[in-house]
Every structure is written in C-alpha cells, then in structure tokens.
Amino acid sequence: MSAPTPRPGILEIAPYQGGKSSANSTQRVIKLSSNEGALGPSPKAMEALRNTANRLHRYPDGGCDLLRKKLAEKYDLEMDQLVCGAGSDELLTLLIRAYAGPGDEVLYSQHGFLMYPITAKGVGAVPVAAAETNMTTSVDSLLAAVTEKTKIVFVANPNNPTGTYITDAEMKRLRDGLREDIVLVVDAAYAEFMTGQEDYSAGEELVRSGNNTVMTRTFSKIYGLGGIRLGWCYAPVEIADVLQRLRNPFNVSLPTQEAGVAALDDDDFVNDCVRHNAETLAWFRDEINAISGLTAHPSYGNFVMIEFPTEDGKNTDAANDFMMARGVIPRKIGAYGLPQMLRVSIGTKEEMDICLQTIKDFVNA
Ligand SMILES: *Cc1c(COP(=O)(O)O)cnc(C)c1O
C-alpha cells in the first residue's frame, strides 16, 4: 500500500530545523541558537498575557484591529496597509501562496533566510539563489537572476545568518530594477537593532512609493516574544487586501494580540535590549577576533557568525560538539551554504562570558 502523494515540490523540502534547545539535560543550558531575546520577554507583554487567562474562551479579533491601530500610530503608517500574522513566517508564506505557483521562480540571496526556499517549494515554485559579494546581498546579481518566471524577490535586511545589510539606496536600486509585477519583500526582522546607520532604512518609504514592495517585521527578536508568534507587514493596499483574504480567520491568538499591544509601549525595554546588544556584540566580537585562527564577522543583528579553521578537530563540527557537551548551544549553518561558520546569538553578558571561555577551551584543547 502506498501513501497518498503530496503536490510536487513538497518532498524536496528539507524540514526547517529550529535552533536546538538542549544538549544534555542534566546541566545548565545556554541557548544561543535562535537569535532570541537576551533579556527575556518584554515585561509589559508578560503582564498583558497574564491578564488574558479568564478570556481564553473568546475568539480573538480576526482583524487584529487594536494591534494594527497601535502599530499605525507608533510607526506613522496607514492601518489598512498593515496585516498581522502568526510570526512574520506566516506572512512570508502567505505572500508566496498569493503570488507564486508551480513553475514560478522565487528569488533570494545566496545566504538568505531559509524560509524563502522552503516556502517556495511548498507551492511548487522554484527557489533561485543569487550570488553574494562579501557575504552581502548583491543587487546586481539579484537583478541579473530575474527571468520572466520571477514572481517574488526576498531580501532580509539585515540578513540572518550573515548579519550584513544593504543601504536604503541599494534597496531602492533593486526595486527600481524590478518589473512592476514582481513583489519585493523586505524582511526587516532585525530592523530595531540598527542604530546609527544613517544609510539604512527598514523599507517603509519603499512600500509607500510603489505598488509592489512589502516590509515584514516581527515581535520575535527585539521584543523577545518568539514563543507567542507575532509578526506584521506593511504593504500596498492591494497586497494587504490579498493577504487579508488568504489568511486564516483567527490567525493571531487573543493572548498574542494583547501582548503585542502592550509590548509596543515597552520603550524602556526595547532601549535596554538595543543597548545591551550593541555593547555585548562589540565586546564579544573583539574577544573572538583576538583568538588566533578565529574570525567573528561584522553583524548588525543580535547574533554573530564565527568562522573556524577547516581542518579536522578544529572545524565547526568539532567546535559545535565541544560547545554542546558544555551546554552552550550554537547554530550550525551549513544549510545556508556556510559550513565553516557557527552562528551564535548574543545572550546575557554572563552567558557570553561562558560561551567565550568555552570557545577558548576548545581552541586550546
Ligand atoms: C527570525 C526571522 C524571521 C521570523 O521570525 P518570526 O518569528 O516568524 O516572526 C524572519 N526573517 C528573518 C530573517 C529572521 O531571522
């Protein structure tokens, strides 16, 4: 007896592997594998969540009206151009389902976020990766890879796992070089960590100035709310309307909506997170770069890629095993075409002290 056959493309998907959470259950675990909030969840969000317990029998507001209103005020955007989702992952999936189908091409950058090829295959579309320069999205190679089958282009800015970004001017050059029937998705999951880069923008202006650009954002990283799944996007009215039709009726849970509304008022927490990340990332990179044979690449997110030597016993596999045995959990990123790197999220200072010491012990072992 054979099982029913899924649609073409589905069995070509290598399931997304989340960051590991435990190496050895008996010891303290320092999870640095998923770019989660170093300082825990937003305290205001936690309090709002607790206050939802006696209303869990109610369906949520399917339109996320209060949350969208709050987002519109905070970021000075138009409410009817905002769509909320169960994580920005859901919005990426909806965009692909709406605009790409069997045989179409979905374009992304060589070391871009893995959800792009995964969701493309899910609808039978063909993921096409454009080469990068210096581990940075290359507008020229993206534009050169466009064909008449291209339907969507995804750019994470800054990108995960490389940590690099392209300037607002480059993103605009990309958009201006695309046909108007191609959707450009600017995935700004780490936008809040970008401080002081005058040439960067999360993409609001590009959305406003055209009909084909969408900016996606998430509460998972800066607000430390990955566990309750909340993301949003800002899109031209026509695209927002398409996503509203396609989404599930109650795609964002009631506790999640209320926690999201509260988190948007938690400016002190956001400022603490941004400051903590900037200081700890700079310090940690310097310390790693002082270790002979290792390179900590520049990063504008809340994570950093560490490049290891390629020889047996000193490479990423050996480093990963050594760290895991000590309860420090990095992320292997071979699936992103970067087998010589481990990605490490920026945790608390204490966690990063232990991580650093573990890496030093590995190198000296
Ligand atoms: C973490 C991440 C996301 C998605 O996060 P959600 O938890 O689904 O909101 C999207 N894009 C990039 C580049 C990310 O790193």
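Because the structure is a prediction, the values reported are computed rather than measured. For ligands, and for the atoms within them, numbers begin at 1 and follow the listed sequence.
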task = Please confirm whether F154 and Y108 have ring centers closer than 6.0 angstrom.
result = no
Using heavy atoms and a 4.0 Å limit, tell me yes or no: is [X] in contact with ligand 1?
X    : answer
N35  : no
S88  : yes
Y190 : yes

key: Sole residue of L342, I329, D361 in side chain to side chain contact (heavy atoms under 4.5 Å, CB included) with M323   = L342
V106 side chain near D104 side chain, heavy-atom distance below 4.5 Å = no
Residues [X], [Y]: salt bridge by 4.0 Å N-O rule:
X    : Y    : value
D181 : K151 : no
D176 : R173 : no
K221 : E192 : no

What is the nearest protein non-hydrogen atom to [atom], stated with its residue, atom name and distance?
atom                    : answer
atom 9 (O) of ligand 1  : T218 OG1, 2.5 Å
atom 3 (C) of ligand 1  : K221 NZ, 3.5 Å
atom 13 (C) of ligand 1 : D187 OD2, 3.5 Å
atom 7 (O) of ligand 1  : S220 OG, 2.5 Å
atom 8 (O) of ligand 1  : R229 NH2, 2.8 Å

note = For D89, the atoms of ligand 1 under 4.0 Å from one of its heavy atoms are 4 (C), 8 (O)
inquiry  = So if I count the atoms of ligand 1 from 1 in the order they appear, which ones are less than 4.0 Å from some heavy atom of N160?
reply    = 13 (C), 14 (C), 15 (O)
key: Pair Y190-F303, ring-ring contact (aromatic ring centres under 6.0 Å, His included): steps then yes or no   = CA-CA 10 Å; Y190 299 94; F303 55 87; 5.1 Å; yes
